[in-house]
Structures are given as structure tokens and as C-alpha cells.
Amino acid sequence: DEKKIATSVSVAAVKFMEAGVFLVLLEPHKGNEAECEAVVREEIENIIKNGVHADEIERIAKNVNRSFFETLQDYNKFSYSWINSYFSTGDEMRIFKRVNEFYDVSSDAIKSFAKTHLDPFLMNCIEVLPLPEHKRASKEESKRMSQALDQKILARYQRVAPIEQPRAAL
């Protein structure tokens, strides 16, 4: 953020029962691709060497708590989270206990995790480049086929009843 070398940066984790993928997604300003990659490597190496500050851990814990309460308000999301938690742990209350455990995470635990699982040597870089001219026809054909399939599916659900008039203004 301080260096202003990227338009956007986000971090995501794709979690499976036994494994996962940690992603750092960047949209670098033109010509800053190598510098962005270097900054990511530097940050990972810094976490491995120095851990993270207690304020960051507290901020993460608060964000997890807020996110959990948002999940509680969405029945579908909560049901999905709860069933995943139950199947992976066998404890139907685990999802509720997990929320407060983030306050107990230490900088040393993060350092240890990063040292084991976030080795910069294993870091990959994927670039999405402009679509080559010779691939554009294929892309347009795929798009046309997808739209045709959408139309075919929607054609089975034609509205036969008139649309109800609103009863009260919001």
C-alpha cells in the first residue's frame, strides 16, 4: 500500500478438509510486476523471521468474530459452515468454540505455520495476459454456446401468470 505499485491486493485461502491453497492476488501497475512479486516474497520472509505484531492478531480475531456473526444471520451460509465443521471434527459445537480461539493465536504460532507452509521457494506466479487474436473466435463461440444454453434453460420457465402489482411503497 505504501509503495503504490499495485491497483489492488487481496488475500484468500481456499480450504479443503486436509489441504488448502493460500493466494495473494495482485493487480500491479504496468511495469511493476517484478516489484510486486518481490514485495510478496519479502513480506512472507518477514513473517517467517519476525512473526506478526499483536495488534494485527487482535484485528484478525475481531474480523473473524464479525464475520462469524454475519454468517449467523445467513441460514444457508451458517448451515454450510456448521456441517463442514461437524464433518471435519465430529463436534457439533466446534464452530462456536473456534471463533474465540483466534484471540489465543500467538506470533510464534504464525511464524511456525509460515515457516512450514508458506515457503517463498514454492511460490508460483500466474499472469493473465490479453487474449491472443487467434483465440478470440474460440472465446466468442464459447460465449455464444453458453448464452444459447442459458436461453434453452430459461425457455422452460415461461411466466404464465401476470406480474403482481405492488401493494405498498417501500
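Values in this document were obtained by computation on a predicted structure and should not be read as measured data.
- Under the side-chain contact (heavy atoms from CB on, under 4.5 Å) criterion, Val14 pairs with Phe16, Val21, Leu23, sequence neighbours left out.
- Here the CZ-CG distance, from Phe113 to Asp108, works out to 15.0 Å after rounding to the nearest 0.5 Å.
- Hydrophobic cluster membership of Ile47, counting Ile, Leu, Val, Met, Phe, Trp and Tyr whose side-chain heavy atoms lie under 4.5 Å apart directly or via other members: Val52, Ile57, Val105, Ile110.
- Annotation for Asn50 and Lys111: closest pair C-CD, 3.6 Å, computed over non-hydrogen atoms.
- Legend: residues meeting ring-ring contact (aromatic ring centres under 6.0 Å, His included) with His53, ordered by chain and number and at least two apart, are absent.
- For Phe22, the CZ atom is densely surrounded, since the number of other residues' heavy atoms within 6.0 Å is greater than 12.
- Considering SG of Cys36 and NE2 of His29, their distance stands at 8.0 Å, rounded to 0.5 Å.
- Heavy-atom minimum distance, Lys30 versus Glu33: CA-OE2, 4.2 Å.
- Rounding to the nearest 0.5 Å places CG of Leu26 at 7.5 Å from CD1 of Ile5.
- Under a 3.5 Å cut-off, the side chain of Ser67 and the backbone N or O of Asn63 do not form any donor-acceptor pair.
- Taking CZ of Phe69 as the reference point, atom CG of Asp74 lies at 15.5 Å (rounded to 0.5 Å).
- Under the 4.5 Å side-chain heavy-atom criterion for Ile, Leu, Val, Met, Phe, Trp and Tyr, Leu72 and Tyr80 are members of distinct hydrophobic clusters.
- When the side chains of ILVMFWY residues are joined at heavy-atom separations under 4.5 Å, either directly or via intervening members, Met93 and Phe102 end up in two distinct hydrophobic clusters.
- Contact of the Ile95 side chain with the Asn84 side chain is not registered, since no non-hydrogen atoms from C-beta on lie closer than 4.5 Å.
- A salt bridge links Glu70 to Arg66: one of the charged nitrogens lies within less than 4.0 Å of a carboxylate oxygen.
- Salt-bridge check for Arg41 with Glu37: passed, with a basic side-chain N closer than 4.0 Å to an acidic carboxylate O.
- Between the side chain of Thr89 and the main chain of Ser85, a donor-acceptor pair closer than 3.5 Å is present.
- In Phe96, the CZ atom is crowded: over 12 heavy atoms of neighbouring residues, nucleotides or ligands sit closer than 6.0 Å.
- Here Tyr103 pairs with nothing under the ring-ring contact (aromatic ring centres under 6.0 Å, His included) rule; sequence neighbours left out.
- Other residues sharing a hydrophobic cluster with Tyr75 under the 4.5 Å side-chain heavy-atom criterion for ILVMFWY residues do not exist; the residue is a singleton.
- With rounding to the nearest 0.5 Å, the separation of CZ in Phe87 from CD in Glu92 is 12.5 Å.
- Side-chain atoms of Val24 and Glu43, non-hydrogen and from C-beta on, never get closer than 4.5 Å to each other.
- Between atom OG1 of residue Thr7 and atom CG of residue Asn32 there is a gap of 9.0 Å, rounded to the nearest 0.5 Å.
- Panel note: side chain Glu56, backbone Ala54; no donor-acceptor pair is recorded below 3.5 Å.
- Side-chain heavy atoms closer than 4.5 Å link hydrophobic residues (I, L, V, M, F, W, Y) into clusters, and following such links, possibly through other members, connects Val9 to Ile44.
- Using a 4.5 Å heavy-atom threshold, the side chains of Lys143 and Gln147 count as touching.
- Linking Ile, Leu, Val, Met, Phe, Trp and Tyr residues whenever their side-chain heavy atoms come within less than 4.5 Å leaves Ile60 and Phe68 in two separate clusters.
- Under the rule for a salt bridge (Lys or Arg N to Asp or Glu O under 4.0 Å), Lys115 has no partner lying at least two apart in sequence or in another chain.
- In summary, Arg94 and Glu101 engage in a salt bridge, as defined by a charged side-chain N under 4.0 Å from a carboxylate O.
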